[in-house]
Amino acid sequence: MDTMGKLLWNRREWMKACFAAGAVGVMPHWALAFDTTGFDVKFTGPDSLRSHAQERGLLFGAAVNPALLDMDGMAAGTATDPYTILIATQANILVAENSMKWGPLRPSPDTYDFAQADRLMRFAAMTGQRVRGHNLCWHEQLPSWFKTTATKKNAPKLLTDHIHTVAGRYRGKLQSWDVVNEAVEPKDGRADGLRNSPWLGLLGPDYIELAFRTAAAADPNAKLAYNDYGIELDTDEQAIKRAQVFMLVRRLKARGVPLDAVGIQSHLQATGPQPGAGLEKFIRDAKSLGLDVYITEMDVNTRGVDGGAEAQDAAVAEVYRNYLGLVLAEPNVPVALTWGISDAHTWLNASHGDWAKRADGTPQRPLPFDGDLRPTPAFVAIRTAIDSARPVVASSPQKWNESDPAQMYQPFRVPDSPRGANMGAGSPSQSIVTPRQQ
Ligand code: XIL
């Protein structure tokens, strides 16, 4: 067992002992959380990714599974669950990993299930975090009824009703929406580069424009993004796809379609070719069209890395350092999120596909916190990249009192959050906002 494992084990044993001795009542809630250092790096309060991003005017965050969040604990200010605490303290923007997609939201053609999506919104309102919506139109994770129910005749209404209902429900509360996801696929052989998706088959190429115009009407304040993957590298295949994506967004802008940003998913590999000049040019070309670029789903696949945890961590940290160094240096990249917060919950370890499996059968380590929710070298790499990307523009949203460790876990509000702005007297979240911030 390594040192960190030992630390955690000791903590667990210690907690067990405390519970057994009935001593829990006298322990401050932070003590029940977890140590604030992992391989000697502090990562809470002023040392958190949230704090570093916030001070530099960046939105940095992670994809979340709302079902895992301790809502009651967060509302009462007593949360001790490490996942909940990491999500609250390491991000100033969140996105639902799955809960706002068609499949989870649409159990039947006539019904919506907003339970998980609403849960995320409630959490973010309590913690003063922004939220992005993902996504309103995609060829995957469609509900099972879609295939037998959608026709050319009803498809326009199906799409626009969904967007009106979903984007309308969160109107004014979201930072941005991924309106259309992964609509480009050069391998499908069309001159316009579009993917042969169910939406294309039902509605023709104009479905993209319809989705954006409908989203703009449903939530005029959310920034609207086109999101895609496989456009980061300088390989021939990715350079071609990147060019097709650029042609698409240029077409949309030329037609006056409401489009504010391009999302680059950034599911990167720890081995093999890395992003470079082509991506930098793409970001600058996007700027010339008046577009921002968001890093929407970053993680680093370690399937190609030989060696154990240490080798993986070093490779992953280097990719984060180089990639975020490259993209965050561009002034039109104000938002970056990782696809999950820890290796304990990552789609790369949930997937059974060969593209996600390591030869030695061990789990992947793609994120800034490991399977025990302890910071990895990637955490430090991300924080350093954030620090170098921008000058400090805002004083810390909270004056941290290091002699009161409980404070180090306190979420703080984000000044430009519409929900945060409402967090006044009488709000259930008041208990977790210190008077200093009001
Ligand atoms: C993934 C989720 O992480 C998984 O839990 C789910 O089973 C499949 O979808 N591109 C996207 C994301 O835009 O929505 C995908 O998320 C990952 C690839």
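The analysis underlying the following values was restricted to heavy atoms, covering all of them including side chains, and did not include hydrogens, waters or symmetry mates. As the structure lists them, so they are numbered: ligands from 1, and atoms in each ligand from 1.
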- Task: Please determine if Asp192 and Arg251 form a salt bridge, counting it only when a charged side-chain N lies under 4.0 Å from a carboxylate O.
- Result: no

- Task: List, ordered by chain and residue number, the protein residues whose closest non-hydrogen atom lies under 4.0 Å from any atom of ligand 1.
- Result: Glu97, Asn98, Lys101, His134, Trp138, Gln141, Asn181, Glu182, Gln265, His267, Glu297, Trp339, Trp347

- Item | No-hydrogen, no-angle side-chain donor-acceptor test under 3.5 Å, Asn98 and Gln116 | no

- Message: So that I know where these two stand, are Trp339 and His134 an aromatic pair - ring centroids less than 6.0 Å apart?
- Response: yes

- Quick one: OG1 on Thr214 to CD on Glu209, what's the gap to the nearest 0.5 Å? 10.0 Å

- Query: Hey, are Lys287 and Glu330 close enough for a salt bridge, meaning a charged N less than 4.0 Å from a carboxylate O?
  - Reply: no

Just distance, no hydrogens or angles: give the donor-acceptor pairs under 3.5 Å from side chains in residues 61-72, sequence neighbours left out.
residue, atom, partner, partner atom, Å
Asn65, OD1, Ala67, N, 3.1
Asp70, OD1, Asp72, N, 3.4
Asp70, OD1, Gly73, N, 2.8

